[in-house]
Amino acid sequence: MNLAKAYEPNQYEPNIYALWETSGAFKPKGVGEPFSTVMPPPNANGNLHVGHALDTALKDISVRYKRMKGFDAVYIPGADHAGFETWVVYEKELQKQGKSRFDFTREQLYSQVWDFVDQQRGNMELQVRALGASASWDDMVFTLDNKVVETVYDTFKKFWDEGLIYRGERIVNYSTKYQTSYADIEVDHKVEKGTLWHIAYPLVDKIGEVVIATTRPETLFGDAAVAVHPEDERYKHLIGNKVILPLTNREITIIADEYVDPAFGTGAVKITPAHDPNDFEVGKRHDLPRLQVIDFDGTMINVPQQFAGLDVEHARKQTLAALQAQELIRKEEPIEHTVGYDYKSGLPIQPLIKEQWFLRMTPLAAKAIEVLEAGEITFYPAGRKNILIQYLKGIHDWNLSRQIPWGIPIPAFQNVADDTDWIFNKNVDEKTIVVDGKTYRREEDTFDTWFSSGQWPYITTDYLDNGPLARFFPTSLMETGTDLLDRWIARMIMLSLYQTGKVPFKDVYLHGMVLDEHSQKMSKSKGNVINPMEMVSEYGSDALRLGLIASRSPGQNQAFSVDRVIAGRNFCNKLWNITRFAEHKLGDNFQPSTPEARSLADHWIIAELDNAKQTIERALDSYRYAEAGEALYHAIWDSVADWYIEASKDQDNLDLLAWVLDTSLKLAHPFAPFVTETIWQTLPWHNTLLINETWPETIPYNDISAAEFGQVQKIVSEARFVATSLPGNDRYGLLYFEDSLIEENKELIKRLAKLNEVTQTEQAKGLRLALANHDAWLDVSEKTLEEHKGNLEMRLATTHQEIAALEGRLNNKNYTSKAPAHLVEESRKQLEEKQALVERLLSELEILK
RNA sequence: GGGCGCUUAGCUCAGUUGGCUAGAGCAUCUCGUUUACACCGAGAGGGUCGGGGGUUCGAAUCCCUCAGCGCCCACCA
């Protein structure tokens, strides 16, 4: 025992975590209603950021709360190989070593990244532990674990067999920097000011020209046609004619297509099937050749000598210069248009043609929309559901292929003799295989990360194999950032419905981004990144947790506040010092027996804690963490520390004091697990772990006694208020007429209001306190009284105003007839009290005259 | 072009079916070394809830409108 004067979190946290973990406290108990949540696999490629800390805090609060409530709770940890994200990090490492991906084979790269990730993973797991996550580490899943890969293959196979997977040559979003294609949602669209160039294409057999408009002149080398609207009178007569493609001697045809908007630009569009999704479609309709002029590394190919090898930007400049030289530019028009950018490198995305594996999304999305509309999943905040439905309604087929070595290989092989012949085969370690006498070459691409993490809930619970955690599927709570609504939540729902026929989770809680203290997005380049581990070491893990959840609502991006973390630390210290007081009072060997309310304060504190408990329950049951945290904070600080501990100095109800401490620790445990467990371990009457305790139960108390303590508080507050507003620093005596409440709580009132003495009197004198139900006076001198007169008059004026407002309300027949009865009743009571107060204030002023 | 969100105290933000005198943390001011805690205690000041209109007995909360800020989605060159 003998606790230090202040709580030093670093001294206790690692030991407490080890105590929990080694005791098996994080493992599901196998009894009770299941409650489960899975860690959104943090990327296994670096340090946790403060968003992870928030995520962990929210989930762990829910898990600890449910565990204490008797649920069979499990928090399943995970780690994500985070294919592309990790790849980018690793490629930078390679660069530092002066190497590139092309120096190694796929197998070599894979094993190098594996080692790299393995190292990072350990670090990440330690950080999750430091955050206090009560995760069941034995059930940890890594997205490259065998069972994950096997399930991913099975799912892929099922899609393949049922015709939902197809291999297609299509325009894909291509990152020339990382040399891989992206999914649609990985492209950042930005509205920009650009230029629309009007370029003349001379007619072949006639005199004249057709002027097309384009924002990408450098792609003209890939043009396969010029398109106009079939009904456009300006061009109707030219349809079928040929033009000469400038800077080349190629002839291309003028075609008609509904796609062209006659009102835009010149009404004539160059068609470049290999480098624009719309043109690709037009090209398909008209059977146009696809001439690729931008290579996968972002440089020009299949173009005249002078442009070959240039990157896109330079090619554009030189093309324009060449066109200018031939006087073919008719106009330059400023334009606002959207440009797609690589979300990772910030460079423009090139639409390029590539053969990729696609998953047909429409049937999957339709099922998802169905269950969402049926309300099978509850969203916090609720509005996100409709956003998701909207997304699903407009979904496109999903490009599953990534041209990076780090990931789950796509288990497909292509016949070397027939490039349309693809077969499914899991033997991805072989470069070639022979099946039925035919030789097949391995697909070198890997899966989009989200294809594996999209199956997370049923993989982590081993639902498909009916593993030991299968009872936890569908999971109870999926908690993640709002930014993952489309790319993760949507996919989990679709894939889960497809594979299991069930929704993957019942509740979805989406938290916003944690911004810096000035509401700016945190980024390395701005240098405003807050490292959660630094917060933990400076203020403690609990403090960080409390600070993160305070005043934070779902779906809303909100600033991080060190002040709130400090407030959290102070709260932990408060709990610590409440314990020190109790320790002092109870001694080293205290063993409590049944607690029982005796004093008014006893009844009151039981009521307060019961109230707080119910508020916390209501809030946590609907994931209103901030509200729960606030209720806890005030129950502990205001009620327990400021009133009950103070009252305990004048009384000895040790059993109840111990109960109050226990109850406080239990209520606080989900929010501040480390400090509460640390304290619990010091209490001589416990030899258990707090994490395994049950949620507190209230004990009998009496409402009337509790309310009477409220009266005592009013007397104390009024005496304090009046005394501090009086001149000088005098301590005053309190006089009162026959009043059993004051009588019985004399000592308490005296100490709390810092009075010299509290005495019964026959004759009132001094300053009458503005109390509705008690006659009490501060024993002050005439002179002080005189100086206080102004205060009294102000008090009287405001009370008159309040009375007028109350009377106005009560005189309104609509109010008395339509408002709920208890509100009307309350107004009446208030009016009476205010009126009594006025009487007192008046008589007080009368004396002063 | 659609969709969503935000605007409440000096700062950062809560405020769930409309209902006590609109709250919190920090900051500010005044007192205070009462042995649990200065990572403290007591008290105080500070908001016409972005503007305007409407519904209602009653609006920060619901509806309309205007203004400012932010986000997401969308293959018009």
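Everything quoted here is computed from the prediction, not taken from an experiment. Chain letters run A, B, ... following the sequence lines, proteins first, then strands; residues in each count from 1. The analysis underlying the following values was restricted to heavy atoms, covering all of them including side chains, and did not include hydrogens, waters or symmetry mates.
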In whole Å, what separates the P atom of B:G53 from that of B:G58? 16 Å
The side chain of A:Arg809 is closest to which nucleotide in this list: B:U21, B:G2, B:A14? B:U21
What interatomic distance, in whole Å, is found between P of B:G43 and the corresponding atom of B:U55? 44 Å
Could you work out which one of B:G41, B:A36, B:G43 sits closest to the side chain of A:Trp637? B:G41
Which residue pairs pass the salt bridge (charged side-chain N to carboxylate O under 4.0 Å, His left out) test with at least one member in residues 562-580 of chain A, sequence neighbours excluded? none
Any residue meeting ring pair (Phe, Tyr, Trp, His ring centres under 6.0 Å) with A:Phe590, in chain and number order, not counting sequence neighbours: A:Trp685
Mind checking if A:Asp642 touches a base, just sugar-phosphate, or nothing, with heavy atoms under 4.0 Å? sugar-phosphate
If you check the A:Lys5 side chain, which of B:A14, B:A77, B:C37 turns out closest? B:C37
Could you tell me whether A:Trp197 contacts a base, only the sugar-phosphate backbone, or nothing, with contacts defined as non-hydrogen atoms closer than 4.0 Å? nothing
Among B:A77, B:G25, B:C37, which is the nearest nucleotide to the side chain of A:Ala567? B:G25
Using a 4.0 Å heavy-atom cut-off across all strands, classify A:Thr579 as base, sugar-phosphate, or nothing. nothing
Using the side-chain heavy atoms of A:Phe721, tell me which of these nucleotides is nearest: B:G43, B:A36, B:C57. B:G43
For A:Arg564, which contact category applies under a 4.0 Å heavy-atom criterion: base, sugar-phosphate, or nothing? base
The side chain of A:Lys818 lies closest to which of these nucleotides: B:A36, B:C57, B:A77? B:C57
Dump the intermediate steps for salt bridge (Lys or Arg N to Asp or Glu O under 4.0 Å) on A:Asp279 and A:Lys270, then the final yes or no. CA-CA 8 Å; A:Asp279 293 5; A:Lys270 66 197 265 314; 5.7 Å; no
Distance check, P atoms only: B:G15 and B:C6, in whole angstrom units. 9 Å
Complement of B:G25, any strand, by Watson-Crick or G-U distances under 3.5 angstrom: B:C11
Just to be sure I understand the rule, does A:Asn577 reach a base, reach only the sugar-phosphate, or reach nothing, if contact means heavy atoms closer than 4.0 Å? base
Using Watson-Crick or G-U wobble geometry with both distances under 3.5 Å, which nucleotide pairs with B:G70? B:C4
Under 4.0 Å between any heavy atoms, over every strand shown, what does A:Gln558 touch: base, sugar-phosphate, or nothing? Just pick one. sugar-phosphate
N/O (side chain, A:Arg720) to phosphate O (OP1/OP2, B:G43) under 4.0 Å: yes
Donor on one side chain, acceptor on other, A:Glu630 and A:Ser551, under 3.5 Å: no
Hey, does the side-chain of A:Gln556 have a donor or acceptor N/O within less than 3.5 Å of a partner on the base of B:A14? no
Students often get this wrong, so: under 4.0 angstrom with heavy atoms, is A:Lys585 touching a base, only sugar-phosphate, or nothing? nothing
Out of B:U12, B:C39, B:A77, whichever nucleotide has its closest atom nearest the side chain of A:Tyr259: B:A77
So A:Tyr380 and A:Tyr623, would you call those rings parallel, tilted or perpendicular, with 30° and 60° as cut-offs? perpendicular
Using atom P in both nucleotides, what's the gap between B:U28 and B:G10 to the nearest angstrom? 15 Å
Over all strands shown, is A:Glu333 touching base, sugar-phosphate only, or nothing at heavy-atom distances under 4.0 angstrom? nothing
Answer with base, sugar-phosphate or nothing: what part of the nucleic acid does A:Glu281 contact at a heavy-atom distance below 4.0 Å? nothing
Quick one: which of B:A36, B:U16, B:G19 gets closest to the side chain of A:Pro820? B:G19
Using the side-chain heavy atoms of A:Phe581, tell me which of these nucleotides is nearest: B:G23, B:A36, B:C37. B:A36
Where does the angle between the aromatic ring planes of A:Phe571 and A:Tyr633 fall among parallel (under 30°), tilted (30 to 60°) and perpendicular (over 60°)? parallel
Among B:C20, B:G25, B:C13, the one nearest A:His634 by side-chain distance: B:G25
Answer yes or no: does a side-chain N or O of A:Lys649 lie under 4.0 Å from OP1 or OP2 of B:A36? yes
